[in-house]
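In what follows, a structure is listed as structure tokens, so that the remarks can point back to it.
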Amino acid sequence: MAEPKAVERDPESVSRFVEHFAAQLVEAGVPRMPARVFGALLASDTGTLTSAELGERLRISPAAVSGAVRYLAQVHLVSREREPGSRRERYRVHSNQWYEALTSREALIKRWEEALREGVTSLGADTPAGMRLAETLAFFEFVEGEVEAMMERWRVHRDRTFGRG
């Protein structure tokens, strides 16, 4: 697949998209500033911006950019890169950011499952609380298997659709 060309866009239109998309992420529980930074990165043709570029585009402070990027890196939605020969960092959103963010949750789900198993044992499998925890555990085990299978189907679909592989 050919590399798309950068084109001129109406900055106000781009800003409206960034803010609208960020609002949708906020509705889903993402903090406001990381949602805005993520939207700005998604809207950039290169998928990379410096702290100064993000600050300028979003009219936010370097501290706000730093905190937002820290959050986004922790949830695997962006990565940091050093510019060659510079101390300046660029922040990158990858085309597979959703895939990475979702699959990185596996370790978290495993820890929840372990804690739930311990809770079932501690509370007693035959108690109302123990049964509630057992059902929650079964849910996470089910979701874990479904996500794994779904991600494999996604890889096949992505490769077929976007000519990768």
Side-chain angles (χ1 to χ4, degrees), residues 1-84 86-113 115 136 139-140 142-165:
M1 190 163 133
E3 195 66 27
K5 291 182 186 176
V7 296
E8 279 298 312
R9 294 185 181 87
D10 172 32
E12 284 188 35
S13 178
V14 172
S15 181
R16 277 192 306 274
F17 160 75
V18 168
E19 296 304 329
H20 178 72
F21 188 73
Q24 301 309 306
L25 293 175
V26 168
E27 282 286 316
V30 176
R32 183 173 183 271
M33 205 54 65
R36 292 182 71 217
V37 167
F38 186 67
L41 285 165
L42 278 179
S44 72
D45 282 333
T46 62
T48 66
L49 294 169
T50 64
S51 179
E53 290 167 334
L54 284 163
E56 182 181 316
R57 287 180 188 208
L58 299 172
R59 294 180 181 90
I60 59 175
S61 71
V65 171
S66 178
V69 168
R70 187 176 325 107
Y71 173 89
L72 293 167
Q74 287 174 338
V75 296
H76 305 279
L77 288 175
V78 301
S79 60
R80 298 170 191 252
E81 301 173 350
R82 284 261 185 231
E83 288 189 351
S86 170
R87 292 181 7 188
R88 195 163 61 165
E89 286 186 328
R90 296 189 74 72
Y91 306 108
R92 174 178 298 279
V93 65
H94 298 277
S95 60
N96 64 344
Q97 75 274 353
W98 300 112
Y99 174 87
E100 291 297 325
L102 190 56
T103 56
S104 71
R105 296 286 191 248
E106 185 178 353
L108 178 62
I109 290 173
K110 290 273 189 206
R111 289 194 308 267
W112 289 351
E113 288 173 358
T136 303
F139 170 77
F140 282 119
F142 175 81
V143 166
E144 183 181 10
E146 290 298 306
V147 166
E148 197 173 300
M150 180 181 63
M151 293 316 239
E152 180 54 35
R153 289 191 309 275
W154 162 247
R155 285 188 291 273
V156 170
H157 176 75
R158 178 197 60 202
D159 293 350
R160 209 175 25 239
T161 304
F162 297 99
R164 296 183 185 167

Response to the item:
Smallest heavy-atom separation, Leu72 atom then Val37 atom, equals CD1-CG1, 3.8 Å
Practice prompt. Enumerate the residue pairs fulfilling salt bridge (Lys or Arg N to Asp or Glu O under 4.0 Å) with a member in residues 46-71, sequence neighbours excluded, ordered by first and then second residue.
Written response: Glu53-Arg90
Fill in: Closest non-hydrogen atom pair between Ala35 and Leu25, with its separation
CB-CB, 3.8 Å
Fill in: Partner set under side-chain hydrogen bond (donor to acceptor under 3.5 Å, both in side chains) for Ser13, not counting sequence neighbours
none
Fill in: Minimal non-hydrogen separation, Met33 against Ala64, with atom names
CG-O, 3.9 Å
Response to the item:
So the side-chain hydrogen bond (donor to acceptor under 3.5 Å, both in side chains) pairs with at least one residue in residues 22-36 (sequence neighbours excluded) are Glu19-Arg36
Practice prompt. Check the angle between the aromatic planes of Trp154 and His157 and answer parallel, tilted or perpendicular using the 30° and 60° thresholds.
Written response: tilted
Worksheet item: Hey, what do you get for CG (Leu108) to CD (Glu113), rounding to the nearest 0.5 Å?
Response: 10.0 Å
Discussion item. When you compare the side chain of Tyr91 with that of Thr50, does any pair of heavy atoms fall below 4.5 Å?
Written reply: no
Discussion item. Quick one: does any side-chain atom of Ser15 pair with a main-chain N or O of Pro11 as donor and acceptor, under 3.5 Å?
Written reply: no
Practice prompt. List the atom of Ser44, the atom of Leu41, and the distance in Å for their closest heavy-atom pair.
Written response: OG-O, 2.9 Å
Response to the item:
Rounded to the nearest 0.5 angstrom, the CH2-OG1 distance for Trp112 and Thr136 is 11.0 Å
Worksheet item: Quick one: does Leu58's side chain get under 4.5 Å of Val18's, heavy atoms only?
Response: yes
Worksheet item: Between atom NZ of Lys110 and atom CD of Glu144, what is the distance when rounded to the nearest 0.5 Å?
Response: 3.5 Å
Item to complete: Please list all pairs passing the ring-ring contact (aromatic ring centres under 6.0 Å, His included) test where one or both residues lie in residues 23-76, with sequence neighbours left out.
Response: Phe38-Trp98
Fill in: Those residues that, when tested against Arg92, pass salt bridge (Lys or Arg N to Asp or Glu O under 4.0 Å) (two or more places apart)
Glu81
Fill in: Ser66 OG to Ile60 CD1 distance, which is reported to the nearest 0.5 Å
10.5 Å
Discussion item. Tell me every residue that passes side-chain hydrogen bond (donor to acceptor under 3.5 Å, both in side chains) with Glu152, counting only those two or more places apart in sequence or in another chain.
Written reply: Arg155
